[in-house]
J.: 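Below are the structure tokens for one structure; questions will follow.
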Amino acid sequence: MEKREQLYEGKAKKVFKTDDPNLLIVSYKDDATAFNGEKKGTIAAKGAVNNRVSNHMMSLLEKEGIKTHYVETLNDRETLVRSVEIIPLEVIMRNIAAGSLSKRLGLPEGTKLSVPVLEYCYKKDELGDPMINNYHIKAMGLATEEELQVIESMAFAINAFMTQYFKTVNIELIDFKIEFGRTPEGEVILADEISPDTCRFWDTNTNEKLDKDRFRRDLGNVEEAYQEVLKRLLGDH
Ligand code: TMP
């Protein structure tokens, strides 16, 4: 596989073309941003942690029958993925109230939701990723009804699997954000990443935060939290 020119640079990742038009290389950065890029910093070794955590989760999800863009880990921070057209939606699943949901609805952080809650945000930095619903998505042509049905059932299946899986390593999956893409054949598959940048993880026993909220809220021990998640999922190797 030959790495070719850079296609795109985002806040946390770069994407490169390869000599195969169906495959891309994703390179994870240590850069961290929050609040739509207002807060900037770096988290040492974050790129390597997120690369390994995300690839581990996508491999497990594939075994559960969830199709993902993951192809092969290339090195510490680079991964080969299928080229897809990203659907411009942040698909958020919540099990326990936290973050923007707590603020919006006045539910204290840590309140158990009696059923998982699915939310959509429109991926548009200039607008600050506003929350939208199925009707906005269809009216704007962001996804079809059929695609939304696939996205919704995949999101609930991913949540069910990940919730029980993280419990086995003493982590409560509070909420997370995922993104989907369309293959050239028009199939909807899981894309982007699953990492401490995109999930809220709380230690089951202590409720200690083991995710990007440590950076967003200046809680300290940010790098240690990312390393701890990696260690719980993959051990010391
Ligand atoms: P929120 O409570 O700030 O809306 O975040 C919900 C989940 O989505 C949380 O696990 C963090 C994740 N998230 C992202 O991955 N990217 C983002 O830009 C935002 C705002 C949240």
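Atoms within each ligand, like the ligands themselves, are counted from 1 in listed order. Computed from heavy atoms alone, side chains included, the values below leave out hydrogens, waters and symmetry copies.
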J.: Would you compute the distance between atom CE of M131 and atom CG of N133 and round it to the nearest 0.5 angstrom?
T.: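 Spacing of CE (M131) from CG (N133) equals 9.5 Å.
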
J.: Does at least one non-hydrogen atom of N36 fall below 4.0 angstrom from an atom of ligand 1?
T.: no

J.: Counting non-hydrogen protein atoms only, what is the nearest one to atom 17 (C) of ligand 1? Give residue, atom name and distance.
T.: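 Nearest neighbour among protein heavy atoms for atom 17 (C) of ligand 1, to 0.1 Å: E90 OE1, 3.9 Å.
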
J.: Verify the distance criterion only: is there a donor paired with an acceptor across the side chains of S102 and E109 at less than 3.5 Å?
T.: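 The answer is no; no qualifying pair exists.
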
J.: May I ask you to identify the nearest protein heavy atom to atom 5 (O) of ligand 1, giving residue, atom name and distance to one decimal place in Å?
T.: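 Heavy-atom neighbour on the protein nearest atom 5 (O) of ligand 1: R200 NH1, 3.5 Å.
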
J.: Which Ile, Leu, Val, Met, Phe, Trp or Tyr residues join L7 in one cluster when any pair of side-chain heavy atoms under 4.5 Å counts as a link?
T.: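 Once heavy-atom contacts under 4.5 Å are chained together, L7 belongs with Y8, V15, L24, V26, Y28, V81.
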
J.: Before signing off on this row, confirm whether D129 and ligand 1 have an N or O atom pair separated by under 3.5 Å.
T.: no

J.: Give me the residue, atom name and distance of the protein heavy atom closest to atom 21 (C) of ligand 1.
T.: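 Checked against all protein heavy atoms, atom 21 (C) of ligand 1 sits closest to R216 NH2, 4.3 Å.
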
J.: What is the nearest protein non-hydrogen atom to atom 9 (C) of ligand 1, stated with its residue, atom name and distance?
T.: D175 OD1, 3.1 Å

J.: Pick, from G99, S100, A98, the option with the minimum heavy-atom distance to atom 1 (P) of ligand 1.
T.: S100

J.: Under the rule for side-chain contact (heavy atoms from CB on, under 4.5 Å), what residues qualify as partners of T42, not counting sequence neighbours?
T.: D31

J.: Quick test: of every protein heavy atom, which one is nearest to atom 12 (C) of ligand 1, and how far off is it to 0.1 Å?
T.: K177 CB, 3.7 Å

J.: Heavy-atom contact under 4.0 Å between R94 and ligand 1?
T.: yes

J.: Could you tell me whether the side chains of T79 and R52 share a donor-acceptor contact shorter than 3.5 Å?
T.: no

